[in-house]
Amino acid sequence: MELETQSVIDAEISAIAQATEQAGAGELQPHVDYPPYRSSILRHPTKDLRHTDPETIERWAPCFSHRDVDPLESDLTIGQRGEPVGERIIVTGRVTDGEGRPVRNQLVEIWQANAGGRYVHKRDQHHAALDPNFTGAGRCLTDDEGNYRFVSIKPGPYPWKNHLNAWRPAHIHFSLFGTDFTQRLVTQMYFPGDPLFSRDPIYQAITDPKAREMLVATYDHDLTQPEWATGYRWDIVLTGSNRTYTESEDSDL
Amino acid sequence: MNTTASGMSTPGQTVGPFFHYGLPYDGDRDLVTPGSPGSIRLHGTVYDGNGAPVQDSLIEIWQARPDGTVPQEPGSLRRDGWTFTGFGRASTSRDGSFYFSTLAPGATEPGAAPFFAVTVFARGLLDRLFTRAYLPEDEAALAADPLLSSLEPERRRTLVAEKDEQGYRFDIRLQGEDETVFLLFPGR
Ligand SMILES: [Fe+3]
């Protein structure tokens, strides 16, 4: 199959952006039916999602502790024979619910490409070097204030086959659990000022620009450590049905 | 920019094709040891809009214990073989199939229909999807269930697991005629 060019994808992206802007209907969550991301075409539900109130089990979430996660798992630059190649980074932030309350002691999992844009994955065919000192997966638990923190390497952008000359902006995949099942989130964190943003159908599938920008970390020089690593801050908001507080607070509204 | 404007939540993104390095772990799909007393198999296949199996998807379940209580014990990532944590994760194989070894969930409230809470991730799927796999046995409870009773019979069928020798079969269709009913909870 012949791949379309970037300009075809760009035109589709801007047509959708214009239509949503005119309708005033930018969406805060990704539009699952987003044809510029070609593999979404056969993999999104076509019927409306069913509005449902969470039942008992859905108002709880699985529990994780230091029995599950070793503190060393939050540093992706250690555990191998030598230092990984690339720009060492600290990525930290706070996980809160929709009312700004910390999401405590919950599991955060990340995975990412190395500095050259290559994943340690048998299906990654990118001709960039594997780094014997970097595997690119980590975990941690949020602390009592909802903070998470990883040490890693800044991932490179990488090519993919969505279209001809398709490149993903550099990103780190994040997986998070909240305090109820309905808060479950898998997403991607991006780096500020990436020139690939406007060309990436995965990022652009979130049609509200403000919502989209919530996925972009901020460079934080106070977090940067001399002679060691640059710092990025990225906060995460997990809204959901909020088992613990919703009822009592709703009555105050 | 990193805004926390009220009412906005961090948007989801696809799990992508390379999650196998980050998310699966030893014992992820075995909430209990396969074949141990009371163990059942929950299994199925994920299909796309052409009816082709989806080989790069990831399914998670979250469930009550057989007595209907909600587990709140850690240990899902490092299973000790004794603690039932209620959480499991399974990536699909090349044929689109997944399985869990687990216990049948009980009713969390008197008369409620027991189900597995299910989350679906896949390459090509821009945001996670929620659904439920109801156990088929208690027909009265199923008939009284608010979600099931609000659905047309052919849609309702997509949420009820099928009994088989080892446990239950629950196929997931992302799109098409028999598309699984996916859920939207208030709050996001
Ligand atoms: Fe990626």
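This is a predicted model, so every value here is computed, not measured. Every heavy atom of this structure was used, including side-chain atoms; hydrogens, water molecules and symmetry mates were not. By convention in this document, chain letters (A, B, ...) are assigned in the order of the sequence lines, proteins followed by strands, and residues within each chain are numbered from 1.
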Inset, instruction - Sort out for me which of B/R155, B/R128, B/R123 touches chain A most, counting heavy-atom pairs under 4.5 Å. - result: B/R123

Legend entry - Residue A/E27 versus chain B: region with a heavy atom under 4.5 Å: neither

Inset, instruction - Against chain B, label A/Y119 side chain, backbone, both or neither, depending on which of its atoms sit under 4.5 Å from a heavy atom there. - result: side chain

Inset, instruction - Sort A/D208 into side chain, backbone, both or neither according to what part of it lies under 4.5 angstrom from a heavy atom of chain B. - result: side chain

Inset, instruction - Please check if atom CD in B/E154 has more than 12 non-hydrogen atoms from other residues, nucleotides or ligands closer than 6.0 Å. - result: yes

Inset, instruction - Kindly compute the distance separating CD (B/E109) from CD1 (A/I57), expressed to the nearest 0.5 Å. - result: 11.0 Å

Inset, instruction - Please state whether the side chain, the backbone, both or neither of A/S65 comes within less than 4.5 Å of a heavy atom of chain B. - result: both

Inset, instruction - Flag the pair B/F18 / A/H173 as yes when at least one side-chain heavy-atom distance between them is below 4.5 Å, and no otherwise. - result: no

Inset, instruction - Apply side-chain hydrogen bond (donor to acceptor under 3.5 Å, both in side chains) to B/T14 and A/Q188, showing your working. - result: CA-CA 8 Å; B/T14 180; A/Q188 303 181 20; 5.7 Å; no

Inset, instruction - Go through the side-chain N and O atoms of B/Q13 and A/Y190 and say whether any donor and acceptor fall under 3.5 Å apart. - result: yes

Legend entry - Atom pair OG/CG of A/S40 and B/D48 - distance to nearest 0.5 Å: 12.0 Å

Inset, instruction - Please check if atom CG in B/D67 has more than 12 non-hydrogen atoms from other residues, nucleotides or ligands closer than 6.0 Å. - result: yes

Inset, instruction - Name the region of A/E109, side chain, backbone, both or neither, that has any atom closer than 4.5 Å to a heavy atom of chain B. - result: side chain

Inset, instruction - Please lay out, stage by stage, how A/R43 and B/D56 fare under the test side-chain contact (heavy atoms from CB on, under 4.5 Å). - result: CA-CA 11 Å; A/R43 292 184 170 199; B/D56 40 15; 2.8 Å; yes

Inset, instruction - Could you tell me whether the side chain of B/F185 reaches within less than 4.5 Å of the side chain of A/D53, counting heavy atoms only? - result: no

Inset, instruction - Identify which part of A/Y158 has an atom lying under 4.5 Å from any heavy atom of chain B, answering side chain, backbone, both or neither. - result: side chain

Inset, instruction - Give the minimum heavy-atom separation between A/H121 and B/P17, together with the two atoms involved. - result: NE2-O, 3.5 Å

Legend entry - Region of A/H44 in contact with chain B, defined by heavy-atom distances below 4.5 Å: both

Inset, instruction - Name the region of A/I206, side chain, backbone, both or neither, that has any atom closer than 4.5 Å to a heavy atom of chain B. - result: side chain

Inset, instruction - Look at the side chain of A/Q29 and the backbone N and O of B/D127, then say whether any donor-acceptor pair between them is shorter than 3.5 Å. - result: no

Inset, instruction - Under 4.5 Å heavy-atom distance to chain B, tell me which part of A/L176 shows up: side chain, backbone, both or neither. - result: neither

Legend entry - Greatest number of heavy atom pairs closer than 4.5 Å to chain A - which of B/T131, B/V46, B/D80, B/T180: B/D80

Inset, instruction - Determine the interplanar angle of the B/F130 and A/F181 rings, folded into 0 to 90°, and report it as parallel if under 30°, tilted if 30 to 60°, perpendicular if over 60°. - result: tilted

Inset, instruction - First locate atom CE of A/M214, then atom OG of B/S9, and finally report the distance between them rounded to the nearest 0.5 Å. - result: 6.5 Å

Legend entry - Which atoms of B/Y47 approach chain A - backbone, side chain, both or neither, heavy atom under 4.5 Å: neither

Inset, instruction - Determine whether more than 12 heavy atoms belonging to other residues, nucleotides or ligands lie under 6.0 Å from atom CD of A/Q80. - result: yes

Inset, instruction - Taking all non-hydrogen atoms of both residues into account, name the closest pair between A/A137 and B/G22 and its distance. - result: CB-CA, 4.2 Å

Inset, instruction - Using modelled atom types only, decide if a donor and an acceptor are shared between the side chain of A/D68 and the backbone of B/L77 within a distance under 3.5 Å. - result: yes

Legend entry - Spacing of CZ belonging to A/R184 relative to CH2 belonging to B/W62, to within rounding of 0.5 Å: 12.5 Å

Legend entry - CD/B/E152: more than 12 non-hydrogen atoms of other groups inside 6.0 Å: yes

Legend entry - Under 4.5 Å from a heavy atom of chain B, the part of A/R38 involved: neither

Legend entry - Per-residue contact mode, B/P146 against chain A (heavy atom under 4.5 angstrom): side chain

Inset, instruction - With side-chain contact (heavy atoms from CB on, under 4.5 Å) as the test, would you mind laying out the steps for A/L215 and B/T10 before giving the verdict? - result: CA-CA 7 Å; A/L215 295 184; B/T10 304; 3.6 Å; yes

Legend entry - Top of A/P54, A/A113, A/P62 for chain B proximity - count of heavy-atom pairs under 4.5 angstrom: A/P62

Legend entry - Distance (rounded to the nearest 0.5 Å) between B/L126 CG and A/T187 OG1: 10.5 Å

Inset, instruction - Considering only heavy atoms and a distance below 4.5 Å, find which of B/L23, B/L184, B/L151, B/L129 pairs most often with chain A. - result: B/L184

Legend entry - Region of A/H31 in contact with chain B, defined by heavy-atom distances below 4.5 Å: backbone

Legend entry - Which of B/F182, B/F115, B/F87, B/Y21 touches chain A most, by non-hydrogen pairs under 4.5 Å: B/Y21

Inset, instruction - Let me know if B/T83 has heavy atoms under 4.5 Å from chain A in its side chain, its backbone, both or neither. - result: side chain

Legend entry - Heavy atoms from other residues, nucleotides or ligands near NZ of A/K161 exceed 12 (cutoff 6.0 Å): no

Legend entry - Top contributor to chain A contacts, counting heavy-atom pairs under 4.5 Å, from B/V15, B/L147, B/T108, B/L125: B/V15

Inset, instruction - Check whether A/A211 gets within reach of chain B through its side chain, its backbone, both or neither, counting any heavy atom under 4.5 Å. - result: both

Inset, instruction - State, with a plain yes or no, whether a side-chain heavy atom of A/R50 is found less than 4.5 Å away from one of B/S150. - result: yes

Legend entry - From A/E58 atom CD to B/T119 atom OG1, the distance as rounded to the nearest 0.5 Å: 9.0 Å

Inset, instruction - Flag the pair B/R78 and A/D70 as a salt bridge only when some basic side-chain nitrogen lies within less than 4.0 angstrom of an acidic carboxylate oxygen. - result: no

Legend entry - Heavy atoms of other groups near B/D95 CG, more than 12 under 6.0 Å: yes

Legend entry - Closest-packed option against chain A by number of heavy-atom pairs under 4.5 Å, given B/R132, B/H20, B/E60: B/R132

